[in-house]
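Working notes, beginning with the structure itself.
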Amino acid sequence: MQTLTTLEELRAARAKLRGTFGLVPTMGYLHVGHLSLAQRAKKECDHVGASIFVNPTQFGPTEDLAKYPRDLPRDLALLENAGVDLVWTPSPEIVYPRDFQTYVTVENVTKPLEGARRPGHFRGVTTVVAKLFNALTPDKAYFGQKDAQQVVVIKQMTRDLNFPVEIIVCPTVRESDGLALSSRNVYLNAEQRIAATVLYRALCAAKELYERGERDGSKLRAVMSELIAREPSAQLDYVSAADRETLAELERIERGALLSLAVRFGATRLIDNFVLE
Ligand code: PAF
(Lines give C-alpha, C1' and ligand atoms only; values in the text may rest on other atoms or scores of the structure.)
Protein backbone atom coordinates (compact mmCIF):
# COMPACT_ATOMS: atom_id res chain seq x y z
CA MET A 1 0.00 0.00 0.00
CA GLN A 2 1.34 3.44 -0.91
CA THR A 3 0.89 6.28 1.59
CA LEU A 4 1.07 9.69 -0.06
CA THR A 5 1.04 13.17 1.35
CA THR A 6 1.49 15.78 -1.37
CA LEU A 7 -0.91 16.28 -4.27
CA GLU A 8 1.93 15.73 -6.75
CA GLU A 9 2.85 12.34 -5.21
CA LEU A 10 -0.80 11.35 -5.15
CA ARG A 11 -1.41 12.30 -8.80
CA ALA A 12 1.70 10.40 -9.95
CA ALA A 13 0.65 7.26 -8.06
CA ARG A 14 -2.97 7.49 -9.22
CA ALA A 15 -1.92 7.95 -12.87
CA LYS A 16 -0.16 4.58 -12.77
CA LEU A 17 -3.32 2.67 -11.79
CA ARG A 18 -5.22 1.18 -14.72
CA GLY A 19 -8.82 -0.04 -14.46
CA THR A 20 -11.63 1.08 -12.16
CA PHE A 21 -10.80 2.98 -8.99
CA GLY A 22 -12.93 3.12 -5.84
CA LEU A 23 -12.45 5.82 -3.19
CA VAL A 24 -13.24 5.57 0.52
CA PRO A 25 -13.06 9.10 1.99
CA THR A 26 -12.53 9.12 5.78
CA MET A 27 -11.50 11.35 8.66
CA GLY A 28 -9.51 8.46 10.16
CA TYR A 29 -9.85 6.73 13.53
CA LEU A 30 -11.23 3.88 11.50
CA HIS A 31 -13.78 1.35 12.70
CA VAL A 32 -15.49 -1.66 11.18
CA GLY A 33 -17.95 0.63 9.39
CA HIS A 34 -15.11 2.25 7.40
CA LEU A 35 -13.59 -1.14 6.68
CA SER A 36 -16.92 -2.39 5.33
CA LEU A 37 -16.73 0.46 2.77
CA ALA A 38 -13.20 -0.63 1.77
CA GLN A 39 -14.31 -4.26 1.49
CA ARG A 40 -17.22 -3.34 -0.76
CA ALA A 41 -14.90 -1.18 -2.89
CA LYS A 42 -12.44 -4.10 -3.17
CA LYS A 43 -15.23 -6.30 -4.52
CA GLU A 44 -16.40 -3.76 -7.08
CA CYS A 45 -13.22 -2.01 -8.30
CA ASP A 46 -9.81 -2.96 -9.71
CA HIS A 47 -8.06 -0.60 -7.26
CA VAL A 48 -9.09 1.03 -4.00
CA GLY A 49 -7.87 4.28 -2.48
CA ALA A 50 -8.71 5.88 0.85
CA SER A 51 -8.19 9.36 2.21
CA ILE A 52 -7.56 10.21 5.84
CA PHE A 53 -8.12 13.90 6.51
CA VAL A 54 -9.78 15.53 9.51
CA ASN A 55 -11.39 18.28 7.51
CA PRO A 56 -11.35 21.55 9.52
CA THR A 57 -13.96 23.32 7.37
CA GLN A 58 -16.74 20.91 8.36
CA PHE A 59 -16.34 21.61 12.11
CA GLY A 60 -18.09 24.56 13.72
CA PRO A 61 -16.11 26.90 16.04
CA THR A 62 -17.46 25.14 19.17
CA GLU A 63 -17.17 21.61 17.80
CA ASP A 64 -14.60 18.88 18.49
CA LEU A 65 -11.94 19.52 15.77
CA ALA A 66 -9.01 19.78 18.21
CA LYS A 67 -9.94 16.67 20.17
CA TYR A 68 -11.26 14.61 17.23
CA PRO A 69 -9.66 11.15 17.78
CA ARG A 70 -6.63 10.35 15.61
CA ASP A 71 -4.44 7.25 15.25
CA LEU A 72 -2.70 7.27 11.87
CA PRO A 73 -0.39 4.23 12.35
CA ARG A 74 -3.35 2.06 13.36
CA ASP A 75 -5.49 3.40 10.47
CA LEU A 76 -2.75 2.65 7.93
CA ALA A 77 -2.33 -0.90 9.26
CA LEU A 78 -6.09 -1.50 9.02
CA LEU A 79 -6.28 -0.16 5.45
CA GLU A 80 -3.27 -2.20 4.37
CA ASN A 81 -4.88 -5.28 5.86
CA ALA A 82 -8.11 -4.49 3.99
CA GLY A 83 -6.16 -4.58 0.70
CA VAL A 84 -6.29 -0.83 -0.03
CA ASP A 85 -3.79 0.19 -2.75
CA LEU A 86 -3.14 3.80 -1.83
CA VAL A 87 -3.93 6.22 0.97
CA TRP A 88 -3.81 10.00 0.78
CA THR A 89 -3.04 11.71 4.10
CA PRO A 90 -2.70 15.40 3.21
CA SER A 91 -2.03 18.13 5.76
CA PRO A 92 -4.58 20.98 6.16
CA GLU A 93 -2.12 23.28 4.32
CA ILE A 94 -2.17 21.00 1.27
CA VAL A 95 -5.97 20.87 1.09
CA TYR A 96 -6.46 24.53 2.07
CA PRO A 97 -3.39 26.51 1.01
CA ARG A 98 -3.03 30.15 2.04
CA ASP A 99 -5.47 32.30 0.07
CA PHE A 100 -7.90 29.38 -0.42
CA GLN A 101 -11.27 31.00 -1.23
CA THR A 102 -13.47 28.63 -3.23
CA TYR A 103 -16.24 26.60 -1.56
CA VAL A 104 -18.95 24.28 -2.86
CA THR A 105 -22.43 25.00 -1.50
CA VAL A 106 -25.46 22.76 -2.04
CA GLU A 107 -28.68 24.67 -1.42
CA ASN A 108 -31.97 23.11 -0.26
CA VAL A 109 -31.03 19.68 1.08
CA THR A 110 -28.38 21.18 3.38
CA LYS A 111 -30.92 23.43 5.15
CA PRO A 112 -32.84 21.09 7.53
CA LEU A 113 -31.66 18.55 10.15
CA GLU A 114 -27.86 18.57 10.58
CA GLY A 115 -27.54 21.63 8.36
CA ALA A 116 -29.84 23.65 10.63
CA ARG A 117 -27.87 22.71 13.76
CA ARG A 118 -24.34 22.79 12.29
CA PRO A 119 -24.06 25.95 10.15
CA GLY A 120 -21.35 25.59 7.49
CA HIS A 121 -20.91 21.86 8.11
CA PHE A 122 -22.11 20.69 4.70
CA ARG A 123 -20.24 23.47 2.90
CA GLY A 124 -17.08 21.98 4.43
CA VAL A 125 -18.09 18.44 3.50
CA THR A 126 -18.96 19.21 -0.13
CA THR A 127 -15.86 21.34 -0.59
CA VAL A 128 -13.51 18.64 0.65
CA VAL A 129 -15.35 15.83 -1.18
CA ALA A 130 -15.19 17.83 -4.43
CA LYS A 131 -11.44 18.29 -3.86
CA LEU A 132 -11.04 14.56 -3.16
CA PHE A 133 -12.93 13.71 -6.35
CA ASN A 134 -10.65 16.06 -8.34
CA ALA A 135 -7.46 14.76 -6.74
CA LEU A 136 -8.22 11.03 -6.83
CA THR A 137 -10.60 10.84 -9.87
CA PRO A 138 -12.54 7.80 -8.59
CA ASP A 139 -15.08 5.88 -10.66
CA LYS A 140 -17.00 5.04 -7.49
CA ALA A 141 -16.98 6.62 -4.02
CA TYR A 142 -18.20 4.82 -0.91
CA PHE A 143 -20.12 6.46 1.97
CA GLY A 144 -22.00 5.07 4.97
CA GLN A 145 -25.78 5.36 5.35
CA LYS A 146 -25.09 6.37 8.99
CA ASP A 147 -24.60 9.97 7.72
CA ALA A 148 -27.88 9.94 5.80
CA GLN A 149 -28.07 13.66 5.03
CA GLN A 150 -24.41 13.73 3.97
CA VAL A 151 -25.23 11.05 1.40
CA VAL A 152 -28.18 13.05 0.02
CA VAL A 153 -26.03 16.19 -0.15
CA ILE A 154 -23.07 14.46 -1.84
CA LYS A 155 -25.35 12.79 -4.40
CA GLN A 156 -26.87 16.19 -5.20
CA MET A 157 -23.44 17.81 -5.59
CA THR A 158 -22.19 14.95 -7.77
CA ARG A 159 -25.20 15.33 -10.10
CA ASP A 160 -25.15 19.13 -10.14
CA LEU A 161 -21.42 19.43 -10.87
CA ASN A 162 -21.32 16.47 -13.32
CA PHE A 163 -18.66 14.54 -11.44
CA PRO A 164 -18.32 11.21 -13.30
CA VAL A 165 -18.44 9.34 -9.98
CA GLU A 166 -20.97 6.74 -8.85
CA ILE A 167 -21.93 7.23 -5.21
CA ILE A 168 -22.27 3.90 -3.40
CA VAL A 169 -24.09 3.93 -0.06
CA CYS A 170 -23.26 1.10 2.36
CA PRO A 171 -25.39 -0.02 5.33
CA THR A 172 -24.77 1.31 8.84
CA VAL A 173 -22.66 -1.09 10.90
CA ARG A 174 -23.89 -1.54 14.50
CA GLU A 175 -22.62 -2.90 17.80
CA SER A 176 -24.50 -6.00 19.01
CA ASP A 177 -26.82 -3.77 21.12
CA GLY A 178 -27.73 -1.62 18.11
CA LEU A 179 -25.47 1.43 18.66
CA ALA A 180 -24.28 2.65 15.25
CA LEU A 181 -20.47 2.61 14.95
CA SER A 182 -18.99 6.11 15.03
CA SER A 183 -15.51 7.46 15.74
CA ARG A 184 -17.20 9.72 18.32
CA ASN A 185 -18.43 6.73 20.42
CA VAL A 186 -15.02 6.80 22.18
CA TYR A 187 -16.08 10.03 23.92
CA LEU A 188 -18.87 8.23 25.83
CA ASN A 189 -18.33 7.20 29.46
CA ALA A 190 -19.62 3.81 30.63
CA GLU A 191 -23.02 5.14 31.71
CA GLN A 192 -23.50 7.18 28.53
CA ARG A 193 -22.46 4.20 26.39
CA ILE A 194 -25.33 2.14 27.86
CA ALA A 195 -27.79 5.03 27.48
CA ALA A 196 -26.67 5.64 23.86
CA THR A 197 -28.62 2.58 22.67
CA VAL A 198 -31.69 4.80 23.03
CA LEU A 199 -31.12 6.13 19.49
CA TYR A 200 -31.51 2.62 18.07
CA ARG A 201 -34.40 1.80 20.41
CA ALA A 202 -36.24 4.98 19.38
CA LEU A 203 -35.77 4.21 15.67
CA CYS A 204 -36.97 0.61 16.20
CA ALA A 205 -40.08 1.83 18.05
CA ALA A 206 -40.99 4.26 15.25
CA LYS A 207 -40.35 1.63 12.57
CA GLU A 208 -42.53 -0.86 14.42
CA LEU A 209 -45.37 1.69 14.56
CA TYR A 210 -44.95 2.30 10.82
CA GLU A 211 -45.01 -1.42 10.09
CA ARG A 212 -48.26 -1.69 12.05
CA GLY A 213 -49.76 0.83 9.60
CA GLU A 214 -49.19 4.23 11.22
CA ARG A 215 -48.66 6.85 8.49
CA ASP A 216 -48.86 10.05 10.55
CA GLY A 217 -45.35 11.54 10.60
CA SER A 218 -45.96 13.40 13.88
CA LYS A 219 -46.85 10.13 15.65
CA LEU A 220 -43.55 8.57 14.55
CA ARG A 221 -41.64 11.66 15.72
CA ALA A 222 -43.53 11.60 19.03
CA VAL A 223 -42.72 7.96 19.81
CA MET A 224 -39.01 8.67 19.25
CA SER A 225 -39.05 11.86 21.38
CA GLU A 226 -40.86 10.08 24.22
CA LEU A 227 -38.27 7.30 24.40
CA ILE A 228 -35.38 9.78 24.41
CA ALA A 229 -37.09 11.85 27.14
CA ARG A 230 -37.19 8.74 29.37
CA GLU A 231 -33.38 8.41 29.26
CA PRO A 232 -31.99 10.74 31.98
CA SER A 233 -28.51 11.25 30.47
CA ALA A 234 -29.85 11.89 26.94
CA GLN A 235 -30.70 15.34 25.65
CA LEU A 236 -32.74 15.39 22.45
CA ASP A 237 -31.48 17.62 19.64
CA TYR A 238 -34.04 16.62 16.99
CA VAL A 239 -36.20 13.78 15.68
CA SER A 240 -37.37 13.69 12.10
CA ALA A 241 -39.57 11.71 9.73
CA ALA A 242 -38.72 13.29 6.40
CA ASP A 243 -38.93 12.75 2.66
CA ARG A 244 -35.94 10.62 1.60
CA GLU A 245 -34.95 12.98 -1.22
CA THR A 246 -35.98 16.50 -0.22
CA LEU A 247 -35.55 15.89 3.55
CA ALA A 248 -38.71 17.97 4.18
CA GLU A 249 -40.69 16.84 7.26
CA LEU A 250 -43.66 14.66 6.37
CA GLU A 251 -47.14 14.97 7.83
CA ARG A 252 -48.34 11.82 6.02
CA ILE A 253 -45.97 9.09 4.91
CA GLU A 254 -47.04 7.93 1.46
CA ARG A 255 -43.82 6.84 -0.25
CA GLY A 256 -41.39 5.85 2.50
CA ALA A 257 -39.41 8.18 4.76
CA LEU A 258 -36.08 8.83 6.41
CA LEU A 259 -36.36 8.55 10.20
CA SER A 260 -33.43 10.35 11.81
CA LEU A 261 -32.42 11.81 15.13
CA ALA A 262 -29.59 13.54 16.97
CA VAL A 263 -29.08 13.15 20.71
CA ARG A 264 -26.50 14.59 23.10
CA PHE A 265 -24.86 12.73 25.99
CA GLY A 266 -22.94 15.45 27.81
CA ALA A 267 -20.66 17.02 25.18
CA THR A 268 -21.04 14.09 22.76
CA ARG A 269 -23.58 14.36 19.98
CA LEU A 270 -24.67 11.17 18.20
CA ILE A 271 -26.83 10.72 15.10
CA ASP A 272 -28.59 7.70 13.60
CA ASN A 273 -31.30 6.90 11.07
CA PHE A 274 -33.49 4.23 9.49
CA VAL A 275 -34.90 4.29 5.97
CA LEU A 276 -38.58 3.30 5.76
CA GLU A 277 -39.17 1.84 2.33
O1 PAF B 1 -18.06 11.13 6.65
C2 PAF B 1 -16.92 11.59 6.85
O3 PAF B 1 -16.05 10.95 7.47
C4 PAF B 1 -16.56 12.97 6.31
O5 PAF B 1 -17.65 13.81 6.37
C6 PAF B 1 -15.98 12.92 4.88
C7 PAF B 1 -16.98 12.41 3.88
C8 PAF B 1 -14.74 12.04 4.87
C9 PAF B 1 -15.57 14.34 4.45
O10 PAF B 1 -14.63 14.89 5.32
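Please read all numbers here as calculations on a predicted model, not as lab measurements. Read the numbers this way: they start at 1 and go in the same order the structure lists the ligands and their atoms.
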Report task. Spell out, as yes or no, whether a donor-acceptor pair under 3.5 Å connects the side chain of E63 to the backbone of L65. Result -> no
Polar pairs, ligand 1 vs protein, N/O only, below 3.5 Å.
{"unit_1": "ligand 1", "atom_1": "1 (O)", "unit_2": "Q150", "atom_2": "NE2", "d": "2.8"}
{"unit_1": "ligand 1", "atom_1": "5 (O)", "unit_2": "Q58", "atom_2": "NE2", "d": "3.0"}
{"unit_1": "ligand 1", "atom_1": "5 (O)", "unit_2": "Q150", "atom_2": "OE1", "d": "2.7"}
{"unit_1": "ligand 1", "atom_1": "10 (O)", "unit_2": "Q58", "atom_2": "OE1", "d": "2.6"}

Side-chain donor-acceptor contacts of residues 24-41 below 3.5 Å, not counting sequence neighbours, with atom names and distances?
{"unit_1": "T26", "atom_1": "OG1", "unit_2": "G28", "atom_2": "N", "d": "3.0"}
{"unit_1": "T26", "atom_1": "OG1", "unit_2": "S51", "atom_2": "O", "d": "2.8"}
{"unit_1": "H31", "atom_1": "ND1", "unit_2": "G33", "atom_2": "N", "d": "3.0"}
{"unit_1": "H34", "atom_1": "ND1", "unit_2": "H31", "atom_2": "N", "d": "3.0"}
{"unit_1": "S36", "atom_1": "OG", "unit_2": "G33", "atom_2": "O", "d": "2.6"}
{"unit_1": "R40", "atom_1": "NE", "unit_2": "E44", "atom_2": "OE2", "d": "2.6"}
{"unit_1": "R40", "atom_1": "NH2", "unit_2": "E44", "atom_2": "OE2", "d": "3.4"}

Requested in this report: Would you tell me whether Y96 and N55 have side-chain atoms, one donor and one acceptor, within less than 3.5 Å of each other?
Outcome: yes
Query raised in the report: What's the verdict on side chain to side chain contact (heavy atoms under 4.5 Å, CB included) for D85 and Q2, showing C-alpha distance, side-chain angles and the deciding distance?
Result: CA-CA 6 Å; D85 300 280; Q2 299 185 76; over 6 Å; no
Requested in this report: Could you name each residue pair satisfying salt bridge (charged side-chain N to carboxylate O under 4.0 Å, His left out) that touches residues 259-269, not counting sequence neighbours?
Outcome: E114-R269, D237-R264, D237-R269
Query raised in the report: Does R70 have any salt bridge (Lys or Arg N to Asp or Glu O under 4.0 Å) partners at least two apart in sequence or in another chain, and if so, which?
Result: none
